[in-house]
Number of protein chains: 2
Amino acid sequence: MPVELTPSRALGLWHAVALEQVRVDSRDLTLRQMAILLQIYLVPPPHTVRGLAATLGVTKPVITRALDTMGALGLVDRVRDERDRRNVVIKRTVEGALYLEKFGDLIINQGRNL
Amino acid sequence: MPVELTPSRALGLWHAVALEQVRVDSRDLTLRQMAILLQIYLVPPPHTVRGLAATLGVTKPVITRALDTMGALGLVDRVRDERDRRNVVIKRTVEGALYLEKFGDLIINQGRNL
DNA sequence: CAGAAAAGAAACGCTTGCGTAACGATCGGC
DNA sequence: GCCGATCGTTACGCAAGCGTTTCTTTTCTG
């Protein structure tokens, strides 16, 4: 069953969520960073820099930098892959899960108030 | 009738939209800029720098800079208010309307594919 | 009509992200 | 074992955003 949305409702939802997120959270993740974060948490692991770069259609340094930033915020973690030590496996964190959980609630609440 | 969303569906929708938007459009508006843009286009005018700053909970220079950037992209326009020449009234543009229309379609399509 | 107040922009120094290119570390094929 | 390929990071110069402060123009007040 698809999510039923009219054009104006869709933009209205985005509007309400963006507005509330800006008001509530000073951490201003870029859309790219958000896409990366959601990819990590919603798609089954393992996640690598190269894989994320390919999925997002961006270069590898973009991923590295985003992981730097979000790592400093505690939203993700990096672990060297012991099977192939060239790889880095991106790990989820409790704080990251909490962050997205709150964000999901925000979407739902704003959707309810539409 | 509210938009019905479960937590995972809400994040999934955001994920799909963010991913597709990153892949398709090199213009990477920040969440703040997007919130401003949507406010301008979804809420009845007039819109002023001061009003937007208050609504978003940010300082005036943030709005000025965002309008500079989005103005350069053709997404919004600025016109001096002739009634009170201290004010600037933010105007919508055809290109901005088109941009949001496409974005709305993106949300709907991704919502359908959930 | 002088002085305070208000609106928006500009200036300042700083931080962060970008794309491209170069780099060390590690693996795989011969 | 070596040499090319692969993975992630780092370096570089540049553009854009931030918060704070200052400035200019315009309006309101007494």
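Lettering follows sequence order; numbering is per chain, from 1.
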Please work out if A/Q33 contacts a base, only the sugar-phosphate, or nothing of the nucleic acid, heavy-atom cut-off 4.0 Å.
sugar-phosphate
A/D81 CG to D/dT9 C1', straight-line distance once rounded to whole Å
17 Å
Could you tell me how far apart A/R83 (CZ) and C/dT26 (C1') are, to the nearest whole angstrom?
16 Å
A/Y41 side chain vs B/L11 backbone, donor-acceptor pair below 3.5 Å:
no
Donor-acceptor check, side chain of A/R80 to backbone of A/R86, threshold 3.5 angstrom: yes or no?
yes
Give a yes or no on whether the backbone of B/T30 and the side-chain of A/T30 come within a donor-acceptor separation of less than 3.5 Å.
no
Comparing nearest nucleotides in DNA chain C, the 5'-proximal residue of the pair B/D68, A/A66 is B/D68
The nucleotide from D/dT20, C/dG8, D/dG8 with an atom nearest the side chain of B/P61 is D/dT20
Could you tell me how far apart B/R32 (CZ) and D/dG17 (C1') are, to the nearest whole angstrom?
9 Å
Could you tell me how far apart B/L29 (CG) and C/dG17 (P) are, to the nearest whole angstrom?
17 Å
Looking only at side-chain N and O atoms, does A/R78 come under 4.0 Å of OP1 or OP2 in D/dT9?
yes
When all nucleic acid strands are considered with a 4.0 Å heavy-atom cut-off, which category describes A/R85: base, sugar-phosphate, or nothing?
sugar-phosphate
Any N or O donor-acceptor pair linking the side chain of A/R86 to the base of C/dG28 at under 3.5 Å?
no
May I ask you to evaluate whether A/T64 reaches the phosphate of D/dT9, defined as a side-chain N or O under 4.0 Å from OP1 or OP2?
yes
Is a donor on one side and an acceptor on the other found under 3.5 Å between the side chain of B/H47 and the backbone of B/I40?
yes
Using whole Å, report how far CZ of B/R65 lies from C1' of C/dT15.
12 Å
Which parts of residues 49-57 of chain B get close to DNA chain C, meaning a heavy atom less than 4.0 angstrom away?
B/V49, B/R50
Specify whether A/W14 and B/W14 have parallel, tilted or perpendicular ring planes, treating 30° as the upper limit for parallel and 60° as the lower limit for perpendicular.
parallel
Does B/P7 reach the side chain of A/I108, with side-chain heavy atoms less than 4.5 Å apart?
yes
Does C/dC18 have OP1 or OP2 sitting under 4.0 Å from an N or O in the side chain of A/T59?
no
Expressed in angstrom and rounded to an integer, what is the separation of B/L67 atom CG from C/dA10 atom C1'?
15 Å
Any side-chain N or O of B/R27 less than 4.0 Å from the OP1 or OP2 oxygen of C/dC18?
no
Would the distance check show the side chain of B/T48 and the main-chain N or O of B/N87 forming a donor-acceptor pair, the cut-off being under 3.5 Å?
no
Could you tell me the separation between the CD1 atom of B/I63 and the C1' atom of C/dG8, rounded to a whole number of Å?
12 Å
Please report, rounded to the nearest Å, how far the P atom of D/dC18 is from the CD1 atom of B/I36.
8 Å
